[in-house]
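Please read the structure below before turning to the comments.
Numbers here simply count residues along the sequence, with the first being 1. Just so it is clear, the structure is predicted and the values come from calculations on it, not from any experiment. Keep in mind that the numbers below use all heavy atoms, side chains included, and drop hydrogens, waters and symmetry copies.
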Amino acid sequence: MAVKKSELYGSIWKSCDELRGSMDASQYKDYVLTLLFVKYVSDRYSGPSSILEVPKGGSFADLVALKNKVDIGDKTNKVIAKLAKANGLEDVIITKDVDFNNEDKLGKGADLVERLTNLIAIFDDPRLNFSNNVADGDDLLGDAYEYLMRHFATESGKSKGQFYTPSEVSRIMAKAIGAGGATSARQTIYDPTCGSGSLLLKAHAEAKAGSGFDLAVYGQEKDNATAVLARMNMILHNCPTAEIAPADSTMSHPAFKDERNASQLKTFDFVVANPPFSSKNWSTGVKPLNDEYKRFEYGVPPAKNGDYAFLLHILASLKATGKGAVILPHGVLFRGGSEGEIRKEIINRGFIKAIVGLPANLFYGTGIPAVIVVLDKEGAAARTGIFMIDASKGFTKDGPKNRLRDRDIHKIVETLTQGFEIDGYSRLVPVSEIVDPKNDYNLNLPRYIDSSTPEDIQDLSAHLFGGIPNRDIEELGAYWNVAPHLRESLFEPFSRDGYSLLRVSPDDVLTTIYADSQYQNFIAEAEANFRAWLSDFTSEFGALEKGSKPKQVIEELGESLLQKSTSLPLLDPYGIYQVLMSYWTAVLQDDAFLVAAVGWLEAAELHSVSAKGEEFDFRVGKTKFRSDLLPARVLIDECFPEIRDSLATTEADVAFQESELEAVVEEHAGDGGLIDEDLAGTSKADKKLRAARIAEIASNSEFADELEVLNRCTGIVEKLELAKHQVKTTDATLTTSLLTKYKNLDEAEVKRLALIKWVSALSTAIESDRSRVSQLLADRISLLGNRYDEVLETLSGKSSGLQQSVNAYLLSMGLES
């Protein structure tokens, strides 16, 4: 059967656990990724016409045959060497850092054998057959690789996490340079500091998706181990012809030269880069004043800060119509000295098309905020402004780092590509304003975009004399535009000009909002809008079949949902879009690709669950079962609601009887109580003891109270046992019904139930998002009502009264205040 993405990722990440005790993340990633590479190549390129050759004795199957062998370490090295030699990949998967016979890293003797056996076994899973688990348009293994890289970067920490650029940022940069608009298969993409290659691959994928062209890819990376990762990454992402230069410094030894003139740099159509921030050794081996590649004609960067050095290298590597995007620290926007002079020259030449300010703590090599500087040589001479975006506040927390959400990415890309000017977020800033002496070529975003949150001003007069400032009420004008009468329902005029009073209690504000007919019309319109979109959703996802392209479907539906939501007042269209994309990531993606890979019926089949800790729906005896597409709760809710409700009722009865028994024990058992705790138990021994005690004291009035409690315990236990029996019987009936239903499902029924599952989840999430809009209004109005509810005179009176009470209390104690 096909494997779900989430399970694939979890299974591969589990392999890391096998090595964590012996080395840190920056080391064990190399072992894990090497095995992943061998497994992928063995599965994907085993055919006679494949780009890569899987030689005899050089496949993943040969590694599997080594499990539990005493020489597994040495033989693993030899298997990998055969695969490498057959494909000229010696420098990719054979490195000094990855020795599977290294006892210092992997343990000695039996420990090494066990560790490698377990590691290989994790990849030796029938579900991880990568030749069969790549649905059209979905790079399953490549995505898993990216998942691993993100986790490795997280665990490696600041000092060793620079090899990975978050995919969210990579997606923005690929869009920013317009790679999807590539016009020829001869166009090229370049990254001078490519790390593990994530930026290059995103740009390449964007170009292929948008234009169909398979653009040539070039990259250079100084660190040898990271360059190896990049080469592996290219192959894993089905981009085996990419040129990743042997490890060396881009600044001192640029790898790509003009074919006709080696003293000039090769130029490219698209450039993306995330160079090391403020590199202190960029100038090692470089003679800026006599640079043969003429990269420093606009100025020489500081010797101990290489930000502008890399920027100038990128400009020199762009064709006359080339477009680039580079990640740099905020300081490049405003630092003075030689950097200021370079910035002035670049601005005057119109090379900077846009600047995007990103949130802090996105990157693994640093926690400082960064910017994307978008470069465009085409039309530079006529450029009269720089488009600026301050997206620093749009993110979510993800462990120790911040992360851009789908909504943040979409908003940045749409704003940038469409040139939307949004108050407090984006603006096309005229060059004339930038070069004005008051700004003096300073590009610091806060100079041009005020993204600060408006201060919630306290009104001193209102605190003194009462009333809610009309100014605060008018700031909620978007709501009054939707429901003009609602303002009158909530507020009434006050005796002082410029102030109003709240007509209702703060606790009744939300009820008043929902009771307003105009607001009800707004909600109804929003619901109808969403239902119309759901019709498209049901049609598109209901049409999935083997070979479908779910990514294309969700992208189109996401865009249509965003467009429909944009027409509605009050609602945040990007927030609604995020609801869909969050559900896609959490559930829908796995489901849709299962259907695309194996069809509806197989995706819904029950299968046994054996792995420890793996989720399951229900069990029959000791066997656990689960359906990936149709969890049991979906069938229960739609097909067996009566059994479900009956089971819930009897389970509630069990809980009630247990609480009753606990109450008796708490009240009457223990030291000094009427009974021993054992006499209130439910075991056979307890019941036997209780029966014997009842018989012993039944005719003795002296123990009447104890007898009453014991009889009460007996009655509760009998009811509890009956309820538990009913639970067991009803649960057995439900299990039998489920097994029969799963066995007899046809494709139409599977499709119907899956759509109910998806639509129900989305509807609930969207309704929650809509409710938040109403709650925000209610919270604000309640806050204003409570804030100015008591004026100074009232508070002074209360204070005086409390002081008198304290004085009286002190006097009653014989003390003077």
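Checking side-chain atoms of Thr226 against main-chain N and O of Lys222 turns up no donor-acceptor pair under 3.5 Å. Glu206 places no side-chain N or O within donor-acceptor distance of the main-chain N or O of Ala174, the cut-off being under 3.5 Å. Between the side chain of Asn87 and the backbone N or O of Leu89 there is no donor-acceptor pair closer than 3.5 Å. No side-chain donor-acceptor contact under 3.5 Å links Arg626 to the backbone of Ser608. Trp600 places a side-chain N or O within donor-acceptor distance of the main-chain N or O of Leu544, the cut-off being under 3.5 Å. Side chain of His253 to main chain of Ser249: no donor-acceptor pair is present (N/O by atom type, distance under 3.5 Å, no hydrogens or angles). For Ser279 (side chain) and Pro276 (main-chain N/O), no donor-acceptor pair under 3.5 Å exists by modelled atom type. Under a 3.5 Å cut-off, the side chain of Tyr218 and the backbone N or O of Lys266 do not form any donor-acceptor pair. Judged by distance alone, with hydrogens and angles left aside, the side-chain atoms of Ser211 form no donor-acceptor pair with the main-chain N or O of Lys208 at under 3.5 Å. A side-chain donor-acceptor contact under 3.5 Å links Glu221 to the backbone of Gly195.
Between Met251 and Phe310, the closest side-chain pair of non-hydrogen atoms falls below 4.5 Å. The side-chain heavy atoms of Tyr293 and Ser263, taken from C-beta on, include no pair separated by under 4.5 Å. Under the 4.5 Å side-chain criterion, counting only non-hydrogen atoms from C-beta, Leu36 is not in contact with Thr34. Considering only heavy atoms from C-beta on, Asp307 stays 4.5 Å or farther from Pro275 through its side chain. Side-chain contact between Asp398 and Asn402: absent, with no pair of heavy atoms (C-beta onward) separated by less than 4.5 Å. At a threshold of 4.5 Å between non-hydrogen side-chain atoms, the residues Phe268 and Ile189 do not count as touching. Taking 4.5 Å as the limit, some side-chain heavy atom of Trp584 sits within range of a side-chain heavy atom of Pro550. Looking only at side-chain heavy atoms (C-beta outward), Lys75 and Lys69 stay at 4.5 Å or farther from each other.
For Tyr190 and Phe270, the ring centers sit 6.0 Å or farther from each other. If you look at Tyr31 and Phe100, their ring centroids are closer than 6.0 Å.
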For this session: Report the C-alpha distance between Val169 and Ile327 in whole Å, list the side-chain angles of each, state the deciding distance to 0.1 Å, and finish with yes or no for side-chain contact (heavy atoms from CB on, under 4.5 Å).
Result: CA-CA 9 Å; Val169 180; Ile327 301 168; 3.6 Å; yes
Exercise. Do Phe123 and Leu63 pass the side-chain contact (heavy atoms from CB on, under 4.5 Å) test, and can you show the C-alpha distance, the side-chain angles, and the key distance before you say yes or no?
Worked result: CA-CA 10 Å; Phe123 289 98; Leu63 294 182; over 6 Å; no
For this session: Assess whether salt bridge (charged side-chain N to carboxylate O under 4.0 Å, His left out) is satisfied between Asp406 and Arg171, documenting all intermediate values.
Result: CA-CA 10 Å; Asp406 287 283; Arg171 286 163 58 189; 3.5 Å; yes
For this session: Mind running side-chain contact (heavy atoms from CB on, under 4.5 Å) on Asn233 and His237 for me, showing each step along the way?
Result: CA-CA 6 Å; Asn233 206 0; His237 278 79; 2.8 Å; yes
For this session: Please report the C-alpha distance between Lys287 and Asp291 in whole Å, then the side-chain angles of each, then the deciding distance to 0.1 Å, and finally whether the salt bridge (charged side-chain N to carboxylate O under 4.0 Å, His left out) criterion is met.
Result: CA-CA 5 Å; Lys287 297 178 180 178; Asp291 181 57; over 6 Å; no
Exercise. When you look at Val271 and Val326, which way does the side-chain contact (heavy atoms from CB on, under 4.5 Å) test go after all the steps?
Worked result: CA-CA 8 Å; Val271 177; Val326 55; over 6 Å; no
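Annotation: the span from Phe616 atom CZ to Ser627 atom OG amounts to 15.0 Å, rounded to 0.5 Å. We find the OG1-CG distance between Thr117 and Asn68 to be 4.0 Å, quoted to the nearest 0.5 Å. In this structure, Ser170 OG and Leu201 CG are separated by 9.0 Å, a value rounded to the nearest 0.5 Å. Once rounded to the nearest 0.5 Å, the distance linking CG of Leu215 with CG of Leu200 reads 11.5 Å. Taking OG1 of Thr188 as the reference point, atom CZ of Phe256 lies at 10.5 Å (rounded to 0.5 Å). Leu594 CG to Glu602 CD: the interatomic distance, rounded to the nearest 0.5 Å, is 9.0 Å.
At a cut-off of 3.5 Å, with distance as the only test, no side-chain donor of Asn305 or Lys280 sits close to an acceptor on the other residue. When only modelled atom types and interatomic distance are considered, Ser59 and Asp62 share a side-chain donor-acceptor pair under 3.5 Å.
The two residues Val79 and Leu66 make their nearest non-hydrogen contact at CG2-CD1, 4.2 Å. What you find for Phe277 and Ala370 is that their closest heavy atoms are CZ-CB, 3.7 Å. Between Ile372 and Met173, the shortest heavy-atom contact is CD1-CG, 3.8 Å. The minimum heavy-atom distance linking Ala273 with Leu199 is given by the pair C-CD1, 3.6 Å. Smallest separation of non-hydrogen atoms from Val598 and Ala603: CG2-N, 3.7 Å. Closest approach of Lys67 and Ile72 over heavy atoms only: CA-CD1, 4.0 Å.
Between Asp124 and Lys39, no side-chain nitrogen of the basic residue sits less than 4.0 Å from a carboxylate oxygen of the acidic one, so the salt-bridge criterion is not met. Look at Asp111 and Arg115 and you find no salt bridge, because none of the NZ, NE, NH1 or NH2 atoms lies under 4.0 Å from a carboxylate O.
Few gaps surround NZ on Lys397; more than 12 heavy atoms of other groups in view lie less than 6.0 Å from it. For Lys257, the NZ atom counts as densely surrounded, since its 6.0 Å shell holds more than 12 non-hydrogen atoms of other residues, nucleotides or ligands. Atom NZ of Lys82 has 12 or fewer neighbouring heavy atoms from other residues, nucleotides or ligands inside a 6.0 Å radius.
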